[in-house]
Amino acid sequence: MARPNDEVDALLREYADLIAITGGDAFKQRAYEKAARAIRGHPRDIGGLDAAGLRDIPGVGASIADKVEEYLRTGRVQAFDATRAAVPPGVRRLMSIPSLGPKKAMTLYRERGITGVDELVEAINAGRLSGLSGFGPRTREKILRGVAVARETGGRMLLDAAHDLADEAAQGLVAAGCERATWAGALRRMRETVGSVDLVAAARDPGPVLEAFTALPFAARTVEVGRVRAAVATAGGQRVTVRVVAPDGWGAGLAHATGARAHVAALRERAARRGLRFAPDGLVDVDAGERVATATEEELYAALGLDWVPPTLRENRGEIDAAAEGALPALVTEDALRGDLHTHTDLTDGLAPLAAMVEAAAARGYAYLAVTDHAPRLRMQRMTEEKILAQREELRALERGMGGRGAGGMRLLHGTELNIDPDGGVDWPDAFLAGFDLCVASIHSHFGLDRAAQTRRLIRACENPHVQVIGHPTTRKIGLRGRIDADLDAVFAACARTGTALEINGHPNRLDLHDEHVMRARRHGVRFALDSDAHSTRELANVRWSAATAQRAWLPAAEVINTWPLARLRRFLGRDAERP
DNA sequence: GCCGTTTTCGGCCCGACTGTTTTCAGTCG
């Protein structure tokens with residue numbers, strides 16, 4: 001992990017879990033969780049901070065500041081060691097299974113000696129859990145379902161973590177003397193999870209590069225070292241590989257390492273028909289027995305009679321024919337976004353105050369920002385009409401104070417994230433909803449309703465004239481929770497009919513809608529919102545992953561409402577004129 | 001363990017759902 005904030009976040013969350021498992025003070029546990037979250041979302045790098053500097057972060061007091069300082073200095077915290085020793089690491093991993101919390105994890109350990117997920121599954125299948133209080137047939141089945149969801153991602157990394165690791169590795173390779181180095185594979189295609197981080201490096205002599213690679217700080221273990229390739233594993237078991245190519249074969253090498261297997265196979269076939277051999281280390285004219293220079297990917301694709309294909313499309317889903325015909329789509333990009341339509345502040349569960357979120361959004365060059373804190377039915381957020389109206393006043397005042405146009409000429413929209421109840425109703429009455437510039441409506445409960453009920457509630461939410469965006473429409477959390485069961489085509493049709501946009505939520509563990517559903521929704525004529533769902537200033541950058549997901553679905557900017565100028569967006573929202 | 005203060009201890013995010021222990025503990029958003 002590259003960022004010390006993220007390392008400390010993981011450390012403090014681990015300790016919080018251990019407190020819960022060992023039956024420690026629940027408030028102490030919460031204090032550690034809160035500090036972890038605050039440090040993760042802290043806008044600055046904590047690497048250079050001393051204990052006093054750390055204490056300035058809200059939620060970090062003297063005790064945690066000292067422990068974090070000790071960790072940053074020595075790489076460990078002595079006070080944690082005793083608690084750690086009392087709980088096998090696998091017991092904590094049990095808590096990642098839905099329906100298993102600290103109490104049940106500890107019961108499994110104490111009563112049945114279970115110290116890991118595999119053991120738990122084995123115990124259930126062998127009937128060893130019968131008679132154990134709290135683990136009736138329905139719970140046992142829920143556990144097995146949860147394990148199945150987790151295994152779908154089976155140790156794969158989320159995009160943001162994979163990206164941080166890749167960035168560190170690429171920098172390390174360049175520092176080791178490569179002419180250039182970057183990541184390829186599933187990460188460059190921006191698949192939602194990444195099994196291994198695969199890098200390509202350009203150098204004339206691979207030997208020293210591979211040697212330096214296996215010595216990089218994150219490489220806990222060398223898996224293999226060949227003539228031009230090497231693979232290492234991180235302490236967390238994540239695989240990182242590198243292939244070294246000659247600088248004049250960089251384009252071919254990068255393309256070979258980037259495309260999905262089927263895309264690369266199609267390129268290879270196309271090359272063969274032209275008397276060329278497309279290999280991981282370059283492009284070769286077979287008859288002449290000579291290398292064809294491909295210093296860039298553009299040269300490689302051109303040699304095959306193709307336009308350059310954006311990495312996010314390289315899945316063999318029609319992109320090669322389109323590239324041959326000069327018919328590749330103009331994809332939406334992160335830069336095309338003029339604003340963010342789903343963000344939170346510390347009025348509910350965000351970390352940053354309104355003014356800080358506005359400032360950070362302005363620094364991104366946005367023309368507008370919608371602030372959409374949680375509505376009251378998410379009880380723990382304790383939202384009230386008074387509180388959200390006070391926020392509206394603050395937001396309007398902020399905008400007025402900045403010369404009527406917000407920071408940097410940015411306009412502010414006051415919104416909320418409503419909760420879609422089991423019947424499709426939302427938190428506030430129509431008259432109150434009419435006062436918002438924008439309402440995002442999302443499902444936050446009753447994930448287990450049957451298909452008909454889920455479909456009905458989503459369609460009813462679309463039909464609510466005050467709801468303009470459906471947030472994280474399928475509510476999946478990668479590796480944790482599957483999608484709700486709904487007739488998505490019926491929902492997409494309702495969105496198109498009612499002029500309700502679907503969100504592509506950029507939170508790395510959501511990416512919801514995901515690319516294949518975006519493709520399906522497009523066929524119904526739906527419009528999309530690419531949102532960060534930011535709970536801190538840093539998380540505004542999550543739209544990077546929204547844009548990547550949109551690209552994988554071949555989405556052009558014209559179909560994304562937050563690439564539009566404000567006037568057009570407001571017409572779509574039905575706030576300045578009739579809806580389209 | 002943090003925070004705010006009625007400055008040194010008391011409160012801290014609330015409540016619905018679920019399965020099952022049939023009266024409520026555990027989990028979750």
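Each chain gets a letter, A, B and so on, in the order the sequences are listed, and its residues count up from 1. The analysis underlying the following values was restricted to heavy atoms, covering all of them including side chains, and did not include hydrogens, waters or symmetry mates.
With B:dC17, B:dT27, B:dC28 as the choices, the nucleotide that has an atom nearest any side-chain atom of A:P98 turns out to be B:dC28. In the set B:dC2, B:dC17, B:dG19, B:dC2 carries the atom at the smallest distance from any side-chain atom of A:A31. Here the side chain of A:K103 is nearest to one of B:dG29, B:dG26, B:dG1, namely B:dG26. Among the nucleotides B:dG29, B:dG1, B:dT27, the one closest to the side chain of A:H444 is B:dG29. Distance from the side chain of A:K28 is smallest for B:dG1 among the nucleotides B:dG1, B:dT27, B:dT20. Taking every side-chain heavy atom of A:F447 into account, B:dG29 is the closest of B:dT20, B:dC2, B:dG29. Side-chain atoms of A:P102 lie closest to B:dT27 of the nucleotides B:dC17, B:dT27, B:dG29. Among B:dT21, B:dT20, B:dG29, the nucleotide with an atom closest to any side-chain atom of A:R138 is B:dT20. Here the side chain of A:H446 is nearest to one of B:dG29, B:dC17, B:dG1, namely B:dC17.
A cation-pi arrangement is absent between A:R338 and A:Y366, since the terminal nitrogen or guanidinium carbon is not both under 6.0 Å from the aromatic centre and inside a 45° cone about the axis. For the pair A:R392 and A:F436, the cation-pi criterion (under 6.0 Å, within 45° of the ring axis) is fulfilled.
When each of A:H444, A:R377, A:Q381 is paired with A:N419, the side chain to side chain donor-acceptor pair (under 3.5 Å) condition holds for A:H444 and for no other.
Aromatic ring pairs are classed by plane angle as parallel below 30°, tilted from 30° to 60° and perpendicular above 60°; the pair A:W545 and A:H163 is perpendicular. Under the 30°/60° scheme for interplanar angles, the aromatic rings of A:F432 and A:W428 are found to be tilted.
When the P atom of B:dG1 is taken as reference, atom CD1 of A:I57 falls 18 Å away, rounded to whole Å. Atom CD1 in A:I21 sits roughly 14 Å away from atom P in B:dG26 (whole-Å rounding). A:K34 places its NZ atom 7 Å from the P atom of B:dC3, with the value rounded to the nearest Å. Across the protein-nucleic acid pair, A:I143 atom CD1 and B:dG19 atom P stand 12 Å apart, rounded to whole Å. A:H374 places its NE2 atom 9 Å from the C1' atom of B:dG29, with the value rounded to the nearest Å. For the pair A:K104 NZ and B:dA25 C1', the interatomic distance rounds to 9 Å; values are reported in whole Å. Counting to the nearest Å, the C1' atom of B:dG15 and the CG atom of A:D421 are 16 Å from each other. Rounded to a whole Å, the NZ atom of A:K142 is 13 Å from the P atom of B:dC17.
Under 4.0 angstrom from either OP1 or OP2 of B:dT20 there lies at least one side-chain N or O belonging to A:T139. The side chain of A:R481 places an N or O atom within less than 4.0 Å of a non-bridging phosphate oxygen (OP1 or OP2) of B:dG29.
With C1' as the reference atom, B:dT8 and B:dG4 are 11 Å apart, rounded to whole Å. Separating the C1' atom of B:dC12 from that of B:dG19 is a span of 29 Å, rounded to the nearest Å. Here, B:dT22 and B:dA16 have their P atoms 23 Å apart, quoted to the whole Å. Nucleotides B:dC17 and B:dG11 are separated by 27 Å at their C1' atoms, to the nearest Å. As rounded to the nearest Å, B:dC2 and B:dT7 have C1' atoms that lie 15 Å from one another. Rounded to a whole angstrom, the distance from the C1' atom of B:dG10 to that of B:dG15 is 23 Å.
Within 4.0 Å of A:S99, counting heavy atoms only, lie sugar-phosphate atoms of the nucleic acid but no base atom. A:N419 comes within contact range of no nucleotide atom at all, as no heavy-atom separation falls under 4.0 Å. Counting any heavy atom pair closer than 4.0 Å across all strands shown, A:Y15 reaches no nucleic acid atom. When heavy atoms are screened at a 4.0 angstrom cut-off, A:A62 is found touching the sugar-phosphate backbone but no base atom.
In this structure, B:dT8 makes no Watson-Crick or G-U wobble pair, since no nucleotide meets both defining distances under 3.5 angstrom.
If you find the closest nucleotide of DNA chain B to A:I97 and to A:P137, the one lying nearer the 5' end belongs to A:P137.
An anti base is found at B:dT22: its glycosidic angle is more than 90° from 0. Under the 90° criterion around 0 for the glycosidic angle, B:dT8 counts as syn.
Side-chain contact between A:L108 and A:F135 is present, with at least one heavy-atom pair separated by less than 4.5 Å.
In this structure, a donor-acceptor pair under 3.5 Å is present between the side chains of A:H344 and A:D533. Between the side chains of A:D489 and A:H524, at least one donor N or O sits under 3.5 Å from an acceptor N or O.
By the criterion of a centre-to-centre distance under 5.5 Å and near-parallel planes under 30°, the ring of A:F27 forms no stack with the base of B:dC2.
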